[in-house]
Amino acid sequence: NFLWGAAFSHHQTEGKTGGGENGDWFEFSNPANGKKSPIENGDTANVAVDFWNRYPEDITIARDLSLNTLRTSVSWEKIEPRQGEFNQEVMDHYKKIFAEMKAKGLRPMISFHHFTHPKWFHQQGGWLNPKSAEWYVNYTRFVVQNLKEVCDLWMSFNEPMVLVQMGYLSALIPPMKASVEDAYEAAWNTARAHLMVVEMVHSIQGVPDNKPGSPIKGVGLAYAFSYFEPHNKNSAKDKLAVQVLSELVNWAWLDSIQSGRLEFKIPKNIYSKTLNRDLFAGGKKSISPKFDWIGLNYYSRWLIKYNPLSKIQVEWVTAPGPKGDNGWQFHPEGLGILMKQVTQKYPYPLIISENGMADASDAQRQKLIVDAMSTMDSALKDKIDLRGYYHWSLMDNFEWLHGYRFKFGLVEIDFKNNLKRMPRKSGYVYRHEISKRPMTVE
Ligand code: BGC
C-alpha cells in the first residue's frame, strides 16, 4: 500500500480552459493595458502543458512508469467562478480526469488549493477577510460531494506558509501584500480553514483508521519544510536567525493546528507586537485527529545569515556544492532529519508529498531519486510511519514566477513541438528504484 507517485498542480499544467481567466494568477500574468507580464520571459499559464485535454496521455505515461498514485489540485476559480455559483460542467470534467486515473490503477490525491484563488475572493481581501475560511469550506464541500466516489486522499492546502511568505510578507505573488501583520492574519485564517476542512471531510467520508499497513486515506496537507543551518556555525546571531526562521517557516502554522493557538515567535527587538491568538474563540473545534497524515515537501538546505536590513533580520544563502538549475541544493541528510523532527512533533503518518529538482540535464535528478529512496529506506528502518513518496514533478510545467525556465519533470515537454511528452531517463530510474522495493503492492 505504499504510495509511489508524482505531483503537479492545476495552474501549472492545465491551461485556462474551463475558466482559468477567473483567477488571481491569470490576472497577475495577463495584466491589462498592455503592461508586461511580471513572469520571466513574459510567460503565462494560459496553455501550460494542456493537461486539461491531454490527461489520458499523461496518466498512461505515469502508469507505464509504475506509479500507483498522482497528486494534483483542482482550480477554485474554475469551480466557483463567482461567489456561490458552482460550475457543474467543470466538476464533471474533473470527475472524468480522476476516474481515468483510477481506471489506470493510480489513486488520485487531490489538493483543494495550490496558490491560486478566484478573483472574487482576491477582491474581498483574500485570506485577510474574516469570512475567508467559511467561504473556503463551502467550496471544498462542493468538491468532496462531487468527487467522493473517485477520491479518498485530500489536501487542505499546498504549502500555506509559502503562500503567506510570498503573497503577504514579501509581495512577490498575489495578493502582493508586505507586512508581518498581514502575514499573521493570512496564516491564522488558513489554519482555521484547515481545521474546518478536516471536520467537513470527516463528516462526509468518515475518519479513516490509517493503521500501519492499511491504505492511507483522509485529509492532510502538503507543508514546505526547509533544512536550515547557520551560515557561520560559531555566530550566535546566525544561530538565532536559524531558530527564528525555523519557528516561522517550519513550525508555527503546524503547531497552531495542534494547540489551537497561532503564535509568531519573533524576538521583541526585531518586531515589537505580540502575535498570538486562539484560532477559535473558547477553544472551539477541538476535533480529532487534526490531520489524517502530514505531507512533507522538501527541496533544499539553506545557510542562514543574520542580516539587520531584512524584515525579520534573516538572509537565506545557497549552500556550496552541486545544485539544481535554480540554485536549490538537495541535501538528503536534511530530508532524513526533517522526517524525524516532523514525526516526533506530530504523531501522524507521513508522506513525502514533494521532492525533486530543477535539472534540464537530468543527471542530478537521477542521483536525487536514488539518494531520496535510500533516505526513506533508513527512515522505515527507524520505524518512521512513512506511507508514500511523490516526486515533483511528473512533467515540466509552469514554474510560477520563473515561467517555463526550470525543468522539474520526470517527463520532458517539448514546448516547440506541440507539447510532446518524452519521459526522461530519471523517470526510468524512479521506476527501477520502485521495482527494487518489496513494499510495493501490484
Ligand atoms: C510548489 C510547486 C513548485 C515547486 C518547485 C513547491 O514549493 O508546491 O508548485 O513548482 O515547489 O518550485
Side-chain angles (χ1 to χ4, degrees), residues 5-15 20 23-25 28-29 39-40 43-45 48-49 51 70-76 109-117 154-170 172-174 190 220-228 249-250 253-254 294-302 316 318 323-331 334-335 338 351-360 362 364-365 368-369 372 389-413 426:
F8 48 97
S9 82
H10 68 279
H11 189 73
Q12 295 177 271
T13 59
E14 285 177 4
D24 56 354
W25 264 84
F28 177 58
S29 48
I39 310 294
E40 248 183 79
D43 287 341
T44 71
V49 300
F51 177 73
L70 281 176
R71 175 195 150 199
T72 184
S73 50
V74 289
S75 161
W76 188 1
M109 171 185 278
I110 303 176
S111 181
F112 301 114
H113 188 276
H114 200 121
F115 298 153
T116 76
H117 308 90
W154 308 97
M155 286 184 157
S156 62
F157 284 99
N158 174 71
E159 304 187 336
M161 283 302 279
V162 173
L163 171 73
V164 165
Q165 259 173 271
M166 298 192 65
Y168 293 85
L169 184 70
S170 340
L172 289 169
I173 63 171
T190 51
L221 84 164
Y223 196 93
F225 293 90
S226 288
Y227 179 60
F228 300 119
V249 171
N250 288 343
W253 194 95
L254 290 167
I294 291 190
L296 188 166
N297 288 3
Y298 176 78
Y299 288 92
S300 192
R301 159 170 83 137
W302 296 95
W316 308 47
T318 312
K323 356 184 161 6
D325 301 337
N326 58 355
W328 298 359
Q329 180 192 57
F330 177 63
H331 180 71
L335 175 62
L338 283 166
I351 293 175
I352 309 291
S353 40
E354 274 181 40
N355 172 232
M357 165 174 257
D359 179 21
D362 197 44
Q364 294 200 75
R365 185 180 298 103
L368 173 145
I369 290 170
Y389 174 85
Y390 288 81
H391 192 84
W392 184 277
S393 176
L394 179 64
M395 55 225 166
D396 295 341
N397 58 48
F398 176 76
E399 185 51 29
W400 305 110
L401 294 172
H402 300 293
Y404 298 95
R405 177 165 154 218
F406 296 127
K407 313 294 183 193
F408 275 89
L410 295 169
V411 177
E412 180 181 352
I413 301 280
S426 53

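In this text the structure is predicted, and so the values were computed from the model without any measurement. In each ligand, atom 1 is the first atom listed, and ligand 1 is the first ligand listed.
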* To do: For the pair D396 (side chain) and K407 (backbone), establish whether a donor and an acceptor sit closer than 3.5 Å, ignoring hydrogens and angles.
  => no

* Under 3.5 Å, is there a donor-acceptor pair between the side chain of R405 and the main chain of E40? -> no

* Using non-hydrogen atoms of the residue, decide whether N158 is closer than 4.0 angstrom to ligand 1. => yes

* Say whether H402 and ligand 1 are in contact under the criterion: heavy-atom distance to a ligand atom below 4.0 Å. => no

* Judging by distance only, is a nitrogen or oxygen of N397 under 3.5 angstrom from one on ligand 1? -> no

* Please confirm whether N297 comes within less than 3.5 Å of ligand 1 when only nitrogen or oxygen atoms on both sides are compared. => no

Considering only the protein, which heavy-atom contact is closest to [atom], and what is its distance?
{"atom": "atom 8 (O) of ligand 1", "result": "E354 OE2, 2.9 Å"}
{"atom": "atom 4 (C) of ligand 1", "result": "Y299 OH, 3.5 Å"}
{"atom": "atom 2 (C) of ligand 1", "result": "W392 CZ2, 3.5 Å"}
{"atom": "atom 12 (O) of ligand 1", "result": "E399 OE2, 2.3 Å"}
{"atom": "atom 7 (O) of ligand 1", "result": "E159 OE1, 2.6 Å"}

Does the plane of the ring in [X] sit parallel, tilted or perpendicular to the ring in [Y]? Use 30° and 60° as the thresholds.
{"X": "Y223", "Y": "F225", "answer": "tilted"}
{"X": "Y227", "Y": "H331", "answer": "parallel"}
{"X": "W400", "Y": "F398", "answer": "perpendicular"}

* To do: Report the part of W328 (side chain from C-beta onward, or backbone N, CA, C, O) that has a heavy atom under 4.0 Å from ligand 1; answer both or neither where that applies.
  => side chain

* Going by atom types only, do S426 and D362 share a side-chain donor-acceptor pair under 3.5 Å? -> yes

* To do: Please find out if less than 6.0 Å separates the ring center of W76 from that of F112.
  => no

* To do: Compute the centroid of each ring, for H402 and then for W328, and state whether the two points are separated by less than 6.0 Å.
  => no

Which of the ligand 1 atoms, numbered from 1, are nearer than 4.0 Å to a heavy atom of [X]:
{"X": "Q12", "value": "2 (C), 3 (C), 9 (O), 10 (O)"}
{"X": "H114", "value": "1 (C), 2 (C), 8 (O), 9 (O)"}
{"X": "F408", "value": "5 (C), 12 (O)"}

* H113 and T190, any side-chain heavy atoms less than 4.5 Å apart -> no

